[in-house]
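Here is the structure we will look at, set down as structure tokens.
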Amino acid sequence: MTNYLAAIDLADDESLENILATTVRMATGIEGSRIYLMTVVPGVPAGLDVRYAVRGERRGSAEYPLQEWMDEAARRLGEIASEHIPEAMRAGVVVRNGTVYKEIVEAARDLDIGQIIMGAHRPSLADFLLGPNSARVARHAGCTVTVVR
């Protein structure tokens with residue numbers, strides 16, 4: 001049995017189909033394969049004081065409705081899973097908040113993931129200097145990482 005984690009950027013419709021098709025293709029034929037869909041709601045934007053943005057149990061505030069964003073992301077992932085992932089392979093959806101690559105690596109560890117599948121964005125100058133999320137996940141994950149162009 002292998003658990004797969006398809007890490008999806010809900011703002012990137014272009015790579016969505018490729019990531020999902022690749023994940024299902026990889027999991028097909030492997031008995032007991034389970035696919036989790038994941039997205040990360042980015043951490044507190046620069047310049048926004050965390051004390052005012054996220055109160056109490058990290059549910060957000062009126063100016064930064066984190067819980068609403070996370071609930072909406074979970075709803076969208078559920079719809080995507082229903083459309084693209086065979087029912088027998090659906091393991092669930094994961095929505096986290098924070099630094100994208102760190103949250104993906106932690107979720108993979110928490111869920112005993114054997115393979116992460118994620119998209120590659122067109123690199124900007126900052127990506128060459130800092131490293132894109134896919135490269136960081138590949139360096140830090142304790143499992144195989146497939147990057148889909």
Side-chain angles (χ1 to χ4, degrees), residues 1-46 48 50 53-54 57-60 64-149:
M1 178 177 90
T2 300
N3 289 328
Y4 295 84
L5 180 67
I8 297 170
D9 178 352
L10 290 173
D12 183 12
D13 291 335
E14 289 181 32
S15 67
L16 180 70
E17 298 279 335
N18 259 348
I19 294 168
L20 295 170
T22 299
T23 305
V24 170
R25 188 171 50 251
M26 294 173 101
T28 298
I30 298 176
E31 190 174 336
S33 292
R34 307 284 291 165
I35 298 172
Y36 291 89
L37 297 186
M38 177 180 187
T39 196
V40 178
V41 176
V44 177
L48 186 61
V50 71
V54 182
E57 299 176 39
R58 296 180 51 119
R59 294 201 191 324
Y64 189 76
L66 177 60
Q67 192 62 50
E68 288 177 28
W69 295 340
M70 292 179 74
D71 291 345
E72 174 62 16
R75 184 193 64 74
R76 287 186 58 205
L77 284 179
E79 289 174 356
I80 291 167
S82 293
E83 269 183 57
H84 298 279
I85 308 296
E87 190 171 354
M89 291 183 181
R90 285 184 221 147
V93 300
V94 179
V95 178
R96 296 219 179 163
N97 166 251
T99 304
V100 174
Y101 80 92
K102 287 180 182 177
E103 295 301 327
I104 293 171
V105 169
E106 286 178 16
R109 188 175 347 120
D110 294 346
L111 297 169
D112 193 30
I113 298 297
Q115 183 148 8
I116 299 169
I117 298 89
M118 60 188 301
H121 295 284
R122 292 196 179 275
S124 68
L125 179 58
D127 290 333
F128 287 110
L129 298 173
L130 301 173
N133 285 315
S134 55
R136 289 179 175 167
V137 169
R139 279 195 303 268
H140 298 285
C143 62
T144 302
V145 178
T146 299
V147 179
V148 179
R149 281 236 175 251

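Computed from a predicted model, the values in this text were never measured in an experiment.
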When rounded to the nearest 0.5 Å, the distance separating CG of Leu16 from CD1 of Ile80 is 5.0 Å
Scan the side chains in residues 84-91 for donor-acceptor partners under 3.5 Å anywhere in the protein, sequence neighbours excluded, and list what turns up.
residue : atom : partner : partner atom : Å
Arg90   : NE   : Ala81   : O            : 3.3
Arg90   : NE   : Ile85   : O            : 2.9
Arg90   : NH2  : Ser82   : O            : 3.4
Arg90   : NH2  : Ile85   : O            : 3.2

Closest non-hydrogen contact found for Ser134 with Gly119 is CB-O, 3.9 Å
Note: Ala27 and Ile35 closest approach over all heavy atoms is CB-CD1, 4.0 Å
When rounded to the nearest 0.5 Å, the distance separating CZ of Arg76 from CD1 of Ile8 is 10.0 Å
d(Thr99 OG1, Arg136 CZ) to nearest 0.5 Å is 8.5 Å
task: Could you walk me through whether Arg34 and Tyr4 pass side-chain contact (heavy atoms from CB on, under 4.5 Å), step by step?
output: CA-CA 6 Å; Arg34 307 284 291 165; Tyr4 295 84; over 6 Å; no
_I want to check something: taking the side chain as every heavy atom from C-beta on, are Ile19 and Thr23 in contact at a cut-off of under 4.5 Å?_
yes
Nearest heavy-atom approach of Ile104 to Ala7 is CD1-CB, 3.7 Å
Q: Answer yes or no: is there a side-chain heavy-atom contact under 4.5 Å between Leu37 and Leu5?
A: no
| message | Just by distance, no angles: are the side chains of Ser15 and Asn18 close enough, under 3.5 Å, to form a donor-acceptor pair? | response | no
Requested in this report: Before giving the answer on side-chain contact (heavy atoms from CB on, under 4.5 Å), spell out for Val145 and Val147 the whole-Å C-alpha distance, their side-chain angles and the decisive distance to 0.1 Å.
Outcome: CA-CA 6 Å; Val145 178; Val147 179; 4.2 Å; yes
Exactly one of Thr39, Asp9, Val40 clears side-chain contact (heavy atoms from CB on, under 4.5 Å) with Val100, and that residue is Val40
Ignoring hydrogens and angles, write down the donor-acceptor pairs under 3.5 Å from the side chains of residues 105-118, residues two or more places apart or on other chains.
residue : atom : partner : partner atom : Å
Asp110  : OD2  : Arg96   : NH2          : 2.7
Gln115  : NE2  : Thr146  : OG1          : 2.5

Sorted by chain and residue number, the salt bridge (charged side-chain N to carboxylate O under 4.0 Å, His left out) partners of Glu17 (sequence neighbours excluded) come out as none
Exercise for review: Take Met38 and Glu103 through the side-chain contact (heavy atoms from CB on, under 4.5 Å) test and state the conclusion after the steps.
Suggested key: CA-CA 10 Å; Met38 177 180 187; Glu103 295 301 327; 4.1 Å; yes
Notebook entry, point to check: Step by step, would you call Glu68 with Glu72 a side-chain contact (heavy atoms from CB on, under 4.5 Å)?
Noted result: CA-CA 6 Å; Glu68 288 177 28; Glu72 174 62 16; over 6 Å; no
